[in-house]
Amino acid sequence: MADNANITRRTLHRYFKDRNELVAVCEREMEVSCKKAMIAAIKSSNDPLIQLENMLYAGIDCGAKYSFFYKLHQQDGHSHNKNNKDCADYDFIYNSFTNIVKELQKSGVVNKQMTVQWIQNLHAGIINSTVNANDTSKSSKSNIKNFAWKSFIKGIAP
């Protein structure tokens, strides 16, 4: 981390009492930035198909942050508290995703037999695959995002 910040390890340790505090600050920043991106994607349009596409792109742009954010609220031992702002934001994102999918199922764009949970897991899997492909692919980032969207939407189509 010190190398990425272009500072010495000694300077880094001046700002954090220990490794655990540093990790906690990093986790917090990842969660906040990913939440903002996902909420912006939801609010980007009134068209549920565009919202869903933008949520996929936001997850891809967040990269590893998205995986962390998603897993944090899905893991065993997570104490979900609706009065906690982070949990409330997660609920807003999850409920928005659920409503978008159900609306698309109602209009025949998304397979009605697939559960929202299945579609959400597929969504997360496509994001993870795309992030990994970005590291190894010679295709442009926009091409990879386009591949991700086509894979996702065709995977949930009727």
Side-chain angles (χ1 to χ4, degrees), residues 1-7 22-76 78 80 82 84-158:
M1 291 196 74
D3 290 342
N4 286 338
N6 204 24
I7 59 175
L22 173 62
V23 169
V25 169
C26 290
E27 287 175 350
R28 180 77 187 132
E29 192 285 328
M30 287 190 297
E31 185 174 10
V32 167
S33 66
C34 189
K35 280 190 315 190
K36 285 181 183 177
M38 295 305 278
I39 290 170
I42 292 164
K43 294 181 176 184
S44 68
S45 175
N46 290 326
D47 181 334
L49 191 59
I50 292 171
Q51 290 172 315
L52 188 63
E53 183 175 5
N54 288 341
M55 288 180 81
L56 182 76
Y57 295 153
I60 292 167
D61 290 340
C62 287
K65 293 177 188 180
Y66 174 81
S67 295
F68 169 78
F69 175 68
Y70 179 71
K71 288 177 184 173
L72 178 68
H73 289 276
Q74 298 290 324
Q75 71 186 358
D76 288 340
H78 171 70
H80 196 79
K82 292 180 182 190
N84 175 297
K85 171 117 174 73
D86 296 327
C87 292
D89 287 344
Y90 177 82
D91 288 345
F92 171 78
I93 293 165
Y94 180 79
N95 291 333
S96 296
F97 186 90
T98 298
N99 292 334
I100 289 166
V101 168
K102 286 181 177 180
E103 192 170 331
L104 291 170
Q105 285 175 321
K106 213 183 298 182
S107 66
V109 175
V110 171
N111 187 324
K112 293 177 182 176
Q113 295 178 335
M114 290 183 179
T115 66
V116 172
Q117 187 64 42
W118 172 260
I119 294 170
Q120 185 184 41
N121 285 326
L122 181 62
H123 181 259
I126 295 281
I127 290 169
N128 287 332
S129 295
T130 305
V131 169
N132 291 335
N134 274 335
D135 292 339
T136 61
S137 178
K138 292 183 174 137
S139 294
S140 71
K141 186 166 182 123
S142 63
N143 280 344
I144 292 172
K145 287 169 101 172
N146 193 20
F147 298 155
W149 173 245
K150 285 181 180 178
S151 300
F152 180 60
I153 197 64
K154 288 182 184 226
I156 62 175

Q: Could you walk me through whether Tyr94 and Gln120 pass the side chain to side chain contact (heavy atoms under 4.5 Å, CB included) test, one step at a time?
A: CA-CA 9 Å; Tyr94 180 79; Gln120 185 184 41; 3.0 Å; yes
Q: Evaluate the criterion side chain to side chain contact (heavy atoms under 4.5 Å, CB included) for residue pair His123 and Phe97; output intermediate values, then yes/no.
A: CA-CA 10 Å; His123 181 259; Phe97 186 90; 3.8 Å; yes
Going by atom type alone, with no hydrogens or angles, which donor-acceptor pairs under 3.5 Å involve a side-chain atom of residues 49-59 and a protein atom two or more places apart or on another chain?
residue	atom	partner	partner atom	Å
Gln51	NE2	Ile42	O	2.7
Gln51	NE2	Ser45	O	2.8
Glu53	OE2	Tyr57	OH	2.6
Asn54	ND2	Ser44	OG	2.7
Asn54	ND2	Ile50	O	3.4

Side-chain donor-acceptor pairs of residues 150-158 under 3.5 Å, sequence neighbours excluded:
residue	atom	partner	partner atom	Å
Ser151	OG	Phe147	O	2.8

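- Atom CG of Asn121 sits about 12.0 Å away from atom CD1 of Ile126, to the nearest 0.5 Å.
- The SG atom of Cys34 lies 9.5 Å from the CD1 atom of Ile39; values are rounded to the nearest 0.5 Å.
- When all heavy atoms of Ile60 and Ala148 are compared, the pair lying nearest together is CD1-CB, 3.8 Å.
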Q | Candidate pair Tyr90 and Ile93, rule side chain to side chain contact (heavy atoms under 4.5 Å, CB included), full reasoning | A | CA-CA 5 Å; Tyr90 177 82; Ile93 293 165; 5.5 Å; no
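- Every pair tested for side chain to side chain donor-acceptor pair (under 3.5 Å) that includes a residue from residues 96-113 fails, sequence neighbours excluded, so the list is empty.
- The distance from atom NZ of Lys35 to atom OG of Ser33, rounded to the nearest 0.5 Å, is 10.0 Å.
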